[in-house]
Peer 1: 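Next up is a structure, given as structure tokens.
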Amino acid sequence: MKHLLGIKDLPTSQIENILTTAREFKEVINRPIKKVPSLRDITIANVFFENSTRTRISFELAEKRLSADIVNFSASTSSVKKGETLLDTVNNILAMKVDMIVIRHSSVGAPHFLARHINASVVNAGDGTHEHPTQALLDAYSVWEKLGTIEGKKIALIGDILHSRVALSNIFVFQKLGAEVMVCGPPTLLPKHIEALGVKVTTKLHEALQWCDVANVLRIQLERQQIKYFPSLREYSLYYGINQAMLNQLDKEIVLMHPGPINRGVELSSDAADSPQAIILDQVENGVAVRMAVLYLLAEQR
Ligand code: CP
């Protein structure tokens, strides 16, 4: 594994290796001294062409906990604004003896393009509507930690499946680890032929909630929607918003997840988002351990 570009082509054995390595690092980050010297000879650049809170801070903390040297690049304050290309930008960063690039970009395939043109390792921190592999890995870790196993569990992805990179990476990771996956959303936000990926499909929220062990609720990605996919947020919330009263009416207690950022009052009410069933902040905590595992295993291959 020289790069982590997506889950689609990542062998199950490597996913399992990342999750078991993350378990070791979770123990490390809960010690009084949260740091190990594993990457002290490595320099990592976090190159973000899109906004981020969780992924960016989580990678930065993971790198610091592993004792790597880091530089943070934000497109909005860089010479990209003067017309510099992605490849020129990254090659200039690499000329300063950087070993790994963590990249988030709004264009599908940007990390794959870089991986073909540079020698450094590339980690995809989210490429457009395509994949978000470290989010899927931390989601899988969080389910594994909460339920003890992923094999045989039923995972429902609910919301804006069409524009979500988390959805595709989640489908791949949970299927590879032996779970069943269902997608649920309004017909306009379900990609055509999504059933070809081997997922169950429904437009009925109650059916998805009743079926699943875990509901991973995805954000309405208004910034990617050039046309209207539903009449109003109020109407979306009426048909696809999840609240605690709905969860209480189910036959069993399900686990509630969300990759963040949450549109409170749209896809999740506050009583559901903050309920004991929700593991949303555990996902964030686990993100650091999982990203430490990814960076550590990539550095091992150098
Ligand atoms: N889950 C996630 O990718 O969040 P950010 O956009 O804040 O990084």
Side-chain angles (χ1 to χ4, degrees), residues 4-7 18 22 44-65 70 72-77 101-111 122-143 145-146 155-174 183 185 189 214-225 242 255-264 266-268 272-274 278-295:
L4 177 65
L5 301 176
I7 302 293
I18 292 168
I44 303 175
N46 300 310
V47 179
F48 277 65
F49 286 81
E50 249 193 13
N51 296 342
S52 170
T53 298
R54 280 144 291 271
T55 311
R56 186 183 182 131
I57 293 175
S58 177
F59 266 112
E60 187 173 337
L61 275 176
E63 292 150 5
K64 286 180 170 165
R65 305 284 192 238
I70 64 166
N72 288 317
F73 165 93
S74 173
S76 59
T77 54
I101 299 287
V102 174
I103 180 170
R104 169 169 286 193
H105 203 287
S106 55
S107 294
V108 169
V122 178
V123 181
N124 182 358
D127 65 321
T129 56
H130 182 216
E131 282 226 41
H132 193 349
T134 57
Q135 179 70 46
L137 290 164
L138 75 88
D139 289 344
Y141 184 93
S142 302
V143 172
E145 182 181 66
K146 180 75 181 171
I155 316 288
L157 306 175
I158 298 169
D160 183 358
I161 311 297
L162 184 66
H163 299 98
S164 172
R165 52 192 171 216
V166 177
L168 195 58
S169 289
N170 261 242
I171 289 169
F172 293 138
V173 87
F174 283 116
V183 296
L189 291 177
V214 177
N216 195 2
V217 184
L218 305 178
R219 182 172 64 90
I220 289 295
Q221 312 218 359
L222 291 172
E223 75 277 18
R224 296 192 202 287
Q225 298 182 9
I242 297 174
V255 177
L256 197 61
M257 301 174 73
H258 193 301
I262 301 170
N263 293 311
R264 280 180 186 260
V266 180
E267 65 261 6
L268 274 184
D274 301 330
I279 59 165
I280 297 167
L281 291 179
D282 299 316
Q283 291 172 259
V284 178
E285 179 183 347
N286 291 335
V288 178
V290 165
R291 290 177 174 119
M292 286 173 81
V294 166
L295 296 169

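Side-chain atoms are counted along with the backbone in the values below, which use heavy atoms only and exclude waters and symmetry mates. First listed ligand is number 1; within each ligand, the first listed atom is number 1.
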Peer 1: Can you list the atoms of ligand 1 that are under 4.0 Å from a heavy atom of Gln135?
Peer 2: 1 (N), 2 (C)
Peer 1: Provide, to 0.1 Å, the distance between atom 4 (O) of ligand 1 and the closest protein heavy atom, together with that atom's residue and name.
Peer 2: Arg54 NE, 3.1 Å
Peer 1: Would you mind running through ligand 1 and noting each atom that sits below 4.0 Å from a heavy atom of Thr55?
Peer 2: 2 (C), 3 (O), 4 (O), 5 (P), 8 (O)
Peer 1: With no hydrogens and no angle check, do the side chains of Arg165 and Thr129 hold a donor and an acceptor under 3.5 Å apart?
Peer 2: no
Peer 1: So for atom CG, which belongs to Asn51, do other residues, nucleotides or ligands contribute more than 12 heavy atoms lying within a distance under 6.0 Å?
Peer 2: no
Peer 1: State the CG-CZ distance between Leu295 and Arg65, to the nearest 0.5 angstrom.
Peer 2: 13.5 Å
Peer 1: Is Arg56 positioned over the aromatic face of Phe48, cation under 6.0 angstrom from the ring centre and no more than 45 degrees off axis?
Peer 2: yes
Peer 1: Just to confirm my output: which protein heavy-atom neighbour is closest to atom 1 (N) of ligand 1, and how far is it?
Peer 2: Pro259 O, 2.8 Å
Peer 1: Quick check on contacts: which atoms of ligand 1 are under 4.0 angstrom from a heavy atom of Thr53?
Peer 2: 5 (P), 7 (O), 8 (O)
Peer 1: Could you tell me whether a side-chain N or O of Asn124 sits under 3.5 Å from a main-chain N or O of Leu5, the two making a donor and an acceptor?
Peer 2: yes
Peer 1: Return the closest protein heavy atom for atom 6 (O) of ligand 1 as residue, atom name and distance.
Peer 2: Arg104 NH1, 2.9 Å
Peer 1: Less than 4.0 angstrom from a charged side-chain N to a carboxylate O is my criterion; do Arg291 and Glu285 meet it?
Peer 2: no
Peer 1: Should you measure from each heavy atom of Gly260, which atoms of ligand 1 turn up under 4.0 Å away?
Peer 2: 1 (N), 2 (C), 4 (O)
Peer 1: Geometry only, no angles: is Arg56 polar-contacting ligand 1 at N/O separations under 3.5 Å?
Peer 2: no
